[in-house]
Q: 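Handing you a structure now.
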There are 2 protein chains.
Amino acid sequence: MRDGGRNDERQAAIVAKLKSAGLRTTRPRVALAHLLFGQGDRHITAEALHSEARAAGLSISQATIYNTLNQFHEAGILREVQVEKARSYFDTNISDHHHFYVEGEGRLIDIEQNAISVDKLPSSPEGFRVTGVDVVIRLTK
Amino acid sequence: MRDGGRNDERQAAIVAKLKSAGLRTTRPRVALAHLLFGQGDRHITAEALHSEARAAGLSISQATIYNTLNQFHEAGILREVQVEKARSYFDTNISDHHHFYVEGEGRLIDIEQNAISVDKLPSSPEGFRVTGVDVVIRLTK
DNA sequence: ATTTATTTTAGAATTATTCTAAAATACTTG
DNA sequence: CAAGTATTTTAGAATAATTCTAAAATAAAT
Ligand SMILES: [Mn+2]
Ligand SMILES: [Mn+2]
Ligand SMILES: [Zn+2]
Ligand SMILES: [Zn+2]
């Protein structure tokens with residue numbers, strides 16, 4: 001059952017992504033990278049990713065889920081978003097952008113950076129440099 | 001040792017604040033309110049407040065620290081700020097404003113609302129309303 | 001004063017996340 | 001390829017912030 005090599009291309013793209021992030025291409029990492037990066041931008045928690053992995057028939061430990069998410073984050077191919085107490089979201093969209101956060105549903109929605117103008121930033125305190133600007137607009141029904 | 005009634009005034013102000021927030025004025029609540037509101041705007045964690053209380057000779061349980069912070073928050077006299085995984089900050093400044101967050105030090109610094117112009121907010125998804133706009137500027141040395 | 005409703009508390013429970021150290025796997029070298 | 005070495009994965013325990021439980025203490029109402 002060939003497909004003209006389309007799957008091989010996706011596979012190669014994932015492998016290249018990990019390689020160029022300085023990460024070894026192990027089976028669990030490649031599989032999780034497929035779930036994370038294979039279907040457009042996503043915002044996902046560790047537990048949700050673990051469920052998805054199990055649902056996909058993969059047997060990957062919880063520790064590996066956390067290790068992998070943290071490694072991807074440190075390697076710069078995932079962004080960590082802090083919107084609620086006690087649980088991190090990981091964002092496959094690493095471009096500069098902001099978020100709507102739907103309270104109760106626990107859902108994040110991207111806002112393009114230029115949809116908000118964060119003008120005239122106050123100057124940072126002496127001796128510090130800006131490592132990120134996070135805008136979260138909280139929503140309810 | 002009189003002081004012209006200045007302490008009584010502060011005490012009365014605290015009591016009035018709790019009353020008008022619909023909260024009973026119990027001894028632990030009044031004592032914590034003094035620590036929280038008696039020395040200008042602050043950003044503090046539950047654990048830090050507990051330490052301060054002990055240092056001030058108060059014996060207040062951990063559960064009461066959490067209960068009180070949550071009640072003050074629900075009553076609208078404290079704001080809860082989510083900047084790092086696994087730990088909440090409570091902010092005695094409940095006006096609309098934003099924050100610098102100094103990573104590593106765990107310190108929050110207020111930014112007046114009009115020091116940043118969050119213009120042309122994108123319209124919220126159909127059926128939702130905005131309950132808050134949080135801007136966090138992360139800093140490092 | 002008595003009664004009733006609320007609050008405080010010690011300690012246990014919960015939950016996301018990290019740690020540990022041993023087994024498995026990936027990469028390198030001969 | 002065959003060892004050897006470095007990295008990764010894993011089960012399960014540990015950690016840490018927060019919440020829960022249910023009983024004792026306190027506050028408000030009668
Ligand atoms: Mn991280
Ligand atoms: Mn709360
Ligand atoms: Zn996003
Ligand atoms: Zn503040």
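A, B, ... follow the sequence lines: proteins, then strands. Residue 1 opens every chain. All values below come from the heavy atoms of this structure, side chains included, with hydrogens, waters and symmetry mates left out.
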Q: Keeping A:R138 on the side-chain end and A:E103 on the backbone end, is there a donor-acceptor pair under 3.5 Å?
A: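 Between the backbone of A:E103 and the side chain of A:R138 there is no qualifying donor-acceptor contact (under 3.5 Å).
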Q: Considering only nitrogen or oxygen atoms on both sides, find all protein atoms under 3.5 Å from nucleotides 7-12 of chain C and state each distance.
A:
| from | atom 1 | to | atom 2 | distance (Å) |
| --- | --- | --- | --- | --- |
| C:dT7 | OP1 | B:R29 | NH2 | 2.5 |
| C:dT8 | OP1 | B:T26 | OG1 | 2.4 |
| C:dT9 | OP1 | B:S59 | O | 3.3 |
| C:dT9 | OP2 | B:S61 | N | 3.2 |
| C:dT9 | OP2 | B:S61 | OG | 3.4 |
| C:dT9 | OP2 | B:T64 | OG1 | 2.5 |

Q: When the distance from CD of A:E80 to P of C:dA16 is rounded to whole Å, what number comes out?
A: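 To the nearest whole Å, that distance equals 15 Å.
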Q: Specify the angle, to 10°, made by the local axes at the two ends of the helix from C:dA1-D:dT30 to C:dG30-D:dC1 when five pairs are taken at each end.
A: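 Taking five pairs per end, the axes differ by 30°.
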Q: Is any side-chain heavy atom of A:L78 closer than 4.5 Å to a side-chain heavy atom of A:T92?
A: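 Yes - at least one pair of side-chain heavy atoms lies under 4.5 Å apart.
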Q: Write out all pairs satisfying ring pair (Phe, Tyr, Trp, His ring centres under 6.0 Å) with one or both partners inside residues 93-115 of chain B, taking only residues at least two apart or from two chains.
A: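 Residue pairs passing ring pair (Phe, Tyr, Trp, His ring centres under 6.0 Å), neighbours aside: B:H43-B:H99, B:H97-B:H99.
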Q: For a quick test of reading the model: is some side-chain N or O of A:Y66 closer than 4.0 Å to OP1 or OP2 of C:dT17?
A: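 Indeed, a polar side-chain atom of A:Y66 lies that close.
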Q: Measure from the side-chain N and O atoms of A:R42 to the backbone N and O of A:L35, and report whether any donor-acceptor pair falls under 3.5 Å.
A: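 Yes; judged by distance alone, with no hydrogens or angles, the pair exists.
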Q: Is the number of heavy atoms from other residues, nucleotides or ligands under 6.0 Å of B:E105 CD greater than 12?
A: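 Yes, enclosed.
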Q: Hey, which of B:V136, B:I137, B:V135 is the one that makes side chain to side chain contact (heavy atoms under 4.5 Å, CB included) with B:I111?
A: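 The side chain to side chain contact (heavy atoms under 4.5 Å, CB included) with B:I111 is passed solely by B:I137 among B:V136, B:I137, B:V135.
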Q: Output the rest of the hydrophobic cluster of B:I94: all Ile, Leu, Val, Met, Phe, Trp and Tyr residues reachable through side-chain heavy-atom contacts under 4.5 Å, sorted by chain and number.
A: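 The other cluster members (ILVMFWY side chains, heavy atoms under 4.5 Å, direct or chained): none.
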Q: Between B:K85 and C:dT18, is there a contact of a side-chain N or O with OP1 or OP2 at under 4.0 Å?
A: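 Answer is yes, contact under 4.0 Å.
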Q: Kindly list each side-chain donor-acceptor pair under 3.5 angstrom involving residues 121-130 of chain B, sequence neighbours excluded, with atom names and distances?
A:
none

Q: Heavy atoms only, 4.0 Å cut-off, all strands: where does B:S88 land among base, sugar-phosphate and nothing?
A: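 Touches sugar-phosphate only.
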Q: Once you round it to whole Å, what is the distance between P of C:dT15 and CD of A:E84?
A: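 Checked: the CD to P distance equals 14 Å.
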Q: Quickly, which of A:D134, A:L108, A:N93 forms a side chain to side chain contact (heavy atoms under 4.5 Å, CB included) with A:V81? Name it, please.
A: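 Between A:V81 and the candidates, side chain to side chain contact (heavy atoms under 4.5 Å, CB included) is satisfied uniquely by A:L108.
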Q: Ignoring hydrogens and geometry, is there a side-chain-to-backbone donor-acceptor pair from B:H50 to B:I60 under 3.5 Å?
A: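 Answer holds: yes.
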Q: Return the polar atom pairs (N/O with N/O) between nucleotides 21-24 of chain C and the protein under 3.5 Å, or none.
A:
none

